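No experiment lies behind these values; they were computed from the predicted model shown. Letters A, B, ... mirror the listed sequences (proteins, then strands); counts begin at 1.
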Amino acid sequence: MTDQAADTTTNNVVVSNFIRSRMDEDCANKTYSDTIATRFPPEPNGFLHFGHAKSIFLNFGLAQDYAAQCPKSHCNLRFDDTNPTKEETEYVDAIREDVAWLGFDTQGQALYASDYFERLYHCAEQLIQTGLAYVDSQDSESLRAKRGTLTEAGTNSPYRDRSIEENLDLFRRMRAGEFPDGAHILRAKIDMASPNMNMRDPAIYRIRHAHHHRTGDAWCIYPMYDFAHCVSDAIEGISHSLCTLEFADHRPLYEWFLGQLAELGEFKRPLPQQIEFSRLNLTYVVLSKRKLIQLVTGGHVDGWDDPRLPTLKGARRRGFTLQGFKLFADRIGISKSDSLIDYQVLEDCMREDLNERAERRVAVLDPIKLILSNFPENHAEPCLAPNHPHHPDLGKREIQLTRELWIEREDFMIEPSKGFFRLTPGKEVRLRYGYIVKCTGFDVNDNGQITCVYAEYDPTTKSGTPGSEARKVKGNIHWLSCAHSVPAEIRLYDRLFNSPNPGGRQAGDAPEQTRDFLDDLNPNAKHIQIGRVEPALAQCQRESCYQFERNGYFVADQFDHSTSKPVFNRTVTLRDTWSKN
RNA sequence: UGGGCCGUCGCCAAGUUGGUUAAGGCACUGGGUUUUGAUCCCAGCAUACCUAGGUUCGAAUCCUAGCGGCCCAGCCA
């Protein structure tokens with residue numbers, strides 16, 4: 001790949017959105033002095049996926065952009081690790097790699113909500129001491145029963161009016177490990193009749209005798225998201241806490257906690273503000289953590305970095321590029337409306353980036369032999385092929401033409417269908433960068449399969465020689481010399497699901513029929529075959545991207561490619577307006 | 001008659017302190033270039049902003065009433 005064109009994806013005009021509008025205002029008013037501070041707060045309990053990429057570009061991108069006006073702007077990578085039963089270090093490492101891969105250098109700085117456990121605990125005691133939090137000793141069933149429903153108010157807990165002293169004592173003993181899991185929880189005392197379920201005395205702390213990936217066994221009580229997140233934001237001086245729409249109902253609680261703690265002198269105003277935007281929805285893809293896990297553990301894919309998966313690890317292996325993702329993020333924009341982006345948009349972004357940056361090479365994916373019967377044996381004719389049609393400065397390379405060649409099986413048809421203008425008996429076609437050849441015959445085996453095609457070349461028509469352009473032929477096919485090419489494993493990937501809405505309703509479904517998203521799995525999403533490639537391709541570095549002319553964009557596999565066993569994954573095909581009809 | 005959010009071209013998405021012919025991108029269509037049926041270039045593409053009323057000289061932008069969609073009842077995030 002070249003990097004001279006790497007900036008072509010960054011010349012996009014910045015489109016305004018409601019978050020930028022807010023930030024513009026806050027910048028102009030110096031609300032947060034000279035800072036726009038955001039954060040990307042993944043929970044380390046799974047791998048990052050395409051949806052996270054949108055959030056990463058949003059949060060890190062905004063901080064980067066606003067640094068021009070507000071020089072102290074920055075974005076923190078913070079692990080939201082408040083639930084020890086679900087989180088693991090391996091995810092932390094994987095997430096850090098993914099963030100770095102998307103181009104955001106956190107200078108080795110990763111922050112953790114767990115670093116704030118002591119401060120969080122202190123804040124909780126402050127709330128207790130002000131009568132704003134209490135220890136509830138009901139079991140989870142009665143807690144649920146008393147919460148009310150969406151249309152009915154909840155009822156107060158019998159423990160709601162415990163004295164401050166008792167609450168403090170109980171909470172301290174919770175921390176000391178005197179109680180088993182579930183014996184008590186600490187709740188905020190707000191309003192059991194609130195129409196917003198989140199305000200009905202939400203839990204702040206729960207007892208979990210579990211080993212935490214960073215704090216070990218130091219704690220047996222852990223803060224809940226609603227409490228930990230806003231306090232972490234305040235501690236870090238986050239100005240704009242961006243999250244997805246489903247957290248909009250939590251905003252009053254976010255503001256309640258921070259407002260109360262500010263009153264208590266724990267935090268200074270201005271406080272961070274939560275702003276919600278709509279999450280990414282993509283056709284032909286599942287992005288829910290639960291479903292992704294099911295695909296991996298159920299053996300439907302080959303692991304978290306399977307190129308068919310919408311994980312960042314999978315995308316990287318597939319050959320998707322960070323520039324392509326950036327293009328995608330810019331293209332889909334940010335708003336609050338529920339959107340469903342066509343998967344093709346993502347593919348197009350990858351094509352657009354790769355078209356500009358990937359050098360061209362020749363590969364024959366599904367080879368059949370072509371013999372030029374009038375071509376001298378034991379002769380190799382060097383043909384010049386440009387490495388990139390738009391960048392002559394990238395030079396040309398030689399491809400050897402010989403009597404026996406490999407061509408693409410689909411470039412030959414005995415009985416041409418309408419509109420087919422590649423090789424067909426009696427017709428001419430140009431061997432790209434070589435000569436015009438005329439098909440003279442073919443062999444078929446007992447199964448009716450074509451085994452060999454014969455043609456005669458016209459020595460006066462070599463590409464690049466004077467007069468070679470005199471004769472125009474419409475067909476132009478790629479080829480590789482049998483003697484001057486090497487075998488390579490070619491992994492052809494396609495969409496993982498057949499349905500734009502995996503597991504969703506489809507036309508013809510009975511009214512009550514429910515479908516499993518696994519039923520929509522595309523069994524042909526992965527196809528491995530042995531093709532032929534230019535010899536030099538075996539020497540390329542892993543993760544090198546190329547356009548295999550007329551075939552698509554391919555990447556040398558991140559793990560399996562080697563000089564002795566070249567392996568290329570198809571990132572995405574070229575646009576094809578012909579097969580589309 | 002629980003609460004919150006959303007509804008602008010096939011898909012996204014500006015515009016929403018009311019003011020000429022409703023940005024832009026993608027897709028699509030037509031034309032040109034082309035030794036990738038690729039790329040690239042040019043042109044076209046919402047009398048219309050969920051619907052119905054209303055206010056106004058003037059509304060996608062304000063008001064009223066509807067309709068449709070998403071989210072919330074974890075000691076998950």
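- A cation-pi arrangement is present between A/R495 and A/Y284 under the rule of less than 6.0 angstrom and at most 45 degrees off the ring axis.
- Checked by atom type, the side-chain pair A/N387/A/R360 shows no donor-acceptor distance below 3.5 Å.
- A cation-pi arrangement, defined by a distance under 6.0 Å to the six-membered ring centre and an angle within 45 degrees of its axis, is present between A/R214 and A/Y112.
- The base of B/rG37 lies close enough to the side chain of A/R422 for a donor and an acceptor atom to sit less than 3.5 Å apart.
- A sub-4.0 Å separation between OP1 or OP2 of B/rC28 and a side-chain N or O of A/R575 is present.
- Within the nucleic acid shown, A/D338 comes within 4.0 Å of at least one base atom, counting heavy atoms only.
- Considering only the side chain of A/S21, B/rG15 comes nearest among B/rG15, B/rU39, B/rC70.
- Side-chain nitrogen and oxygen atoms of A/S194 include none within less than 4.0 Å of the OP1 or OP2 phosphate oxygen of B/rG3.
- Spacing between B/rC5 and B/rC9 at atom P, rounded to whole Å, works out to 23 Å.
- Each of B/rA77, B/rC75, B/rA38 was ranked by its minimum atom distance to the side chain of A/L143; first place goes to B/rC75.
- Distances shorter than 4.0 Å separate some side-chain N or O of A/R550 from OP1 or OP2 on B/rG37.
- A stacking contact between A/Y225 and B/rA77 is absent: the pair does not combine a ring-centre distance of less than 5.5 Å to the base's six-membered ring with planes differing by less than 30°.
- A/I207 comes within 4.0 angstrom of nothing in the nucleic acid, heavy atoms only.
- Close to B/rA73, at under 4.0 Å from its OP1 or OP2, lies no side-chain N or O of A/T149.
- Taking side-chain N and O atoms only, A/S337 has no distance below 4.0 Å to OP1 or OP2 of B/rC70.
- Phosphate proximity of B/rG3 to A/R251: absent, as no side-chain N or O sits under 4.0 Å from OP1 or OP2.
- Place A/Y553 and A/T151 on RNA chain B by their nearest nucleotides, and A/T151 ends up nearer the 5' end.
- Side-chain N/O atoms of A/Q547 and base N/O atoms of B/rU36 include a donor-acceptor pair closer than 3.5 Å.
- The separation of B/rG54 from B/rC11, taken at their C1' atoms, amounts to 34 Å, rounded to a whole angstrom.
- The separation of B/rC42 from B/rG53, taken at their P atoms, amounts to 44 Å, rounded to a whole angstrom.
- Residue-level contact check: A/H184 touches neither bases nor backbone, having no heavy atom under 4.0 Å from any strand.
- Rounded to a whole angstrom, the distance from the C1' atom of B/rU39 to that of B/rA46 is 30 Å.
- Phosphate proximity of B/rU36 to A/R360: absent, as no side-chain N or O sits under 4.0 Å from OP1 or OP2.
- A/D139 comes within contact range of at least one nucleobase, with a heavy-atom separation under 4.0 Å.
- Spacing between B/rC57 and B/rA52 at atom C1', rounded to whole Å, works out to 24 Å.
- Nucleic acid contact for A/I334: sugar-phosphate only, since backbone atoms but no base atoms lie under 4.0 Å from a heavy atom of the residue.
- Remark: the separation of the P atoms in B/rG24 and B/rU36 is 32 Å, to the nearest Å.
- Proximity of A/R147 to the phosphate of B/rG74: a side-chain N or O atom is located under 4.0 Å from OP1 or OP2.
- Comparing the same atom, P, in B/rG18 and in B/rU56 gives a spacing of 16 Å after rounding to whole Å.
- Between the side chain of A/R432 and the base of B/rU35 there is no donor-acceptor pair of N/O atoms closer than 3.5 Å.
- Taking the ring centroids of A/F117 and A/H212, they lie under the 6.0 Å cut-off.
- In this structure B/rG74 sits in the syn conformation; its chi angle is within 90° of 0.
- Contacts of A/E549 with the nucleic acid, taken as non-hydrogen atoms under 4.0 Å apart, include base atoms.
- Atom pair A/R331:CZ and B/rG25:P shows a separation of 10 Å (rounding to whole Å applied).
- Contact annotation for A/S339: backbone-only contact, meaning every heavy-atom pair under 4.0 Å involves sugar-phosphate atoms and none involves a base.
- Using a 4.0 Å heavy-atom cutoff across all strands shown, A/G552 reaches no nucleic acid atom at all.
- Both A/G182 and A/I332 lie near RNA chain B, and the one whose nearest nucleotide falls closer to the 5' end is A/I332.
- Picking from B/rU35, B/rC26, B/rA77 the nucleotide with the shortest atom distance to the side chain of A/F247 gives B/rA77.
- Contact between the side-chain N/O atoms of A/R208 and the OP1/OP2 oxygens of B/rC76 is found at a separation under 4.0 Å.
- Nucleic acid contact class of A/F420 (heavy atoms, under 4.0 Å, all strands): base.
- With C1' as the reference atom, B/rC67 and B/rU51 are 7 Å apart, rounded to whole Å.
- Between the side chain of A/D249 and the base of B/rG3 there is at least one donor-acceptor pair of N/O atoms closer than 3.5 Å.
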